[in-house]
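Written out below as structure tokens is the structure these notes cover.
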There are 2 protein chains.
Amino acid sequence: MESRLEKRVSNTGLRLTAQRRIIARAICLIEDHPSVDEIHRKALETNPNISIATVYRTLRLFEELGLLDKHEFNQSRARYEEATENHHDHLIDIETGKTIEFHDKEIEALQKEIANENGLRLIGHRMELYVRPLGS
Amino acid sequence: MESRLEKRVSNTGLRLTAQRRIIARAICLIEDHPSVDEIHRKALETNPNISIATVYRTLRLFEELGLLDKHEFNQSRARYEEATENHHDHLIDIETGKTIEFHDKEIEALQKEIANENGLRLIGHRMELYVRPLGS
DNA sequence: GTGAAAATGATTATCATTATCGTTATCACA
DNA sequence: TGTGATAACGATAATGATAATCATTTTCAC
Ligand SMILES: [Mn+2]
Ligand SMILES: [Mn+2]
Ligand SMILES: [Zn+2]
Ligand SMILES: [Zn+2]
């Protein structure tokens, strides 16, 4: 089955090479914001010759096209996810790294307000909430 | 004049070596969240032998003691500031890198609420608002 | 002053990411 | 269907920020 991301890649007019198809599919198969080497490992299951260089290149390409969002939670290596229709932010479990996505209209509005109060236009933001399970 | 940071270093019982004193002073002399090599360059003005290794070591030490806060705005190299009494977040000009500090009680409360609604305890967060001057 | 422990400076190692470059695949068109 | 131009790939080297190592120097309690 063709993944949503594969369709979007071909819609850009970009060459949908075997490697790009495999990488796109790998991202969809892994849950929760995979890292570059998680994506590479998953891609290797389909084509054991796919190069890490191609993975880096392709992820950057997809990101520049707006098909992927790149995150750098916690100053660590990059993690990716399919770009979503609607913006969201993340709760991140500091033990396990697991994330929960959320969107808070109130916060988003306040952020814009704060920028405006300072005579500035809000272009983007990063908000990450680092959490623990309640009983710990 | 002894800087606030120098006093706080000696209060920890830590050896206040010449290098640590110079690095502490350098941080206070530079405005707006200096990077490691900005701090190093400023320190070299006082002692031209101070090693970049000592700067990294000392910054990490001060951070672990809670005397400094470390930021990684925009996926780039680390920037430091003296730890403040009260928490704040940052507006960051995406052209110049200049920052404005702010604190919004409402947002802070909402963040805690969001964590709690998900059965989680909020340990910390990162919030950066990326902005442009209004006429651009 | 002396010796153990800590700190420093110089240098090397690490790790994620990017650049390079020779080879291979793709595509427009004859 | 061949053919060249161009794009993409794989292997590997380079980069850049930061951490680790280790021999030397400094500090401090005695
Ligand atoms: Mn997400
Ligand atoms: Mn600040
Ligand atoms: Zn948001
Ligand atoms: Zn905050």
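Proteins get letters first, then strands, A, B, ... in listed order; numbering begins at 1 in each.
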Q: Please determine if a side-chain N or O atom of Thr17(A) lies less than 4.0 Å away from the OP1 or OP2 oxygen of dC9(D).
A: yes
Q.
Hydrophobic clustering (ILVMFWY, side-chain heavy atoms < 4.5 Å, transitive) - are Leu129(B) and Ile100(B) grouped together?
A. yes
Q. Between dT17(C) atom C1' and Glu63(A) atom CD, what is the distance in whole Å?
A. 13 Å
Q) Can you list the steps and then say if Thr99(B) with His90(B) is a side chain to side chain donor-acceptor pair (under 3.5 Å)? A) CA-CA 6 Å; Thr99(B) 65; His90(B) 300 90; 5.3 Å; no
Q) Under 4.0 Å between a side-chain N or O of Gln19(B) and OP1 or OP2 of dT26(D)? A) no
Q. Starting at the 5' end of DNA chain D, which residue's closest nucleotide do you reach first, Arg57(B) or Arg77(B)?
A. Arg77(B)
Q: Round to a whole Å and report the spacing from OH of Tyr80(A) to C1' of dA16(C).
A: 11 Å
Q: Report the distance from atom CG of Leu59(A) to atom P of dT17(C), rounded to the nearest whole Å.
A: 10 Å
Q. How many Å lie between CG on Asp37(A) and C1' on dA16(C), as a whole number?
A. 10 Å
Q.
Just the rounded figure in Å: distance from P of dA10(C) to CG of Asn47(B).
A. 10 Å
Q) So, is Thr54(A) near the phosphate of dA8(D), with a side-chain N or O under 4.0 Å from OP1 or OP2? A) no
Q | Single-linkage hydrophobic cluster, 4.5 Å side-chain cutoff, Ile22(A) and Leu14(A) together | A | yes
Q | Side-chain N,O (Arg15(B)) to OP1/OP2 (dT26(D)) below 4.0 Å | A | no
Q: In whole angstrom, give the distance that lies between atom CG of Leu14(A) and atom P of dT26(C).
A: 14 Å
**Q.** Interatomic distance where CD1 belongs to Ile52(B) and C1' belongs to dT8(C) [whole Å]
**A.** 14 Å
Q: Ignoring hydrogens and angles, tell me if any N or O in the side chain of His103(A) forms a donor-acceptor pair with the backbone of His87(A) under 3.5 Å.
A: yes
Q: Starting from P on dA17(D), measure out to CD1 on Ile39(B) and report it in whole angstrom.
A: 14 Å
Q) Is it true that a side-chain atom of His125(A) and a backbone atom of Glu108(A) form a donor plus acceptor pair closer than 3.5 Å? A) no
Q. Considering heavy-atom distances to DNA chain D, does Tyr56(B) or Ala18(B) have its closest nucleotide positioned more toward the 5' end?
A. Tyr56(B)
Q) Are any of Arg60(B)'s side-chain N or O atoms less than 4.0 Å away from OP1 or OP2 of dA20(D)? A) yes
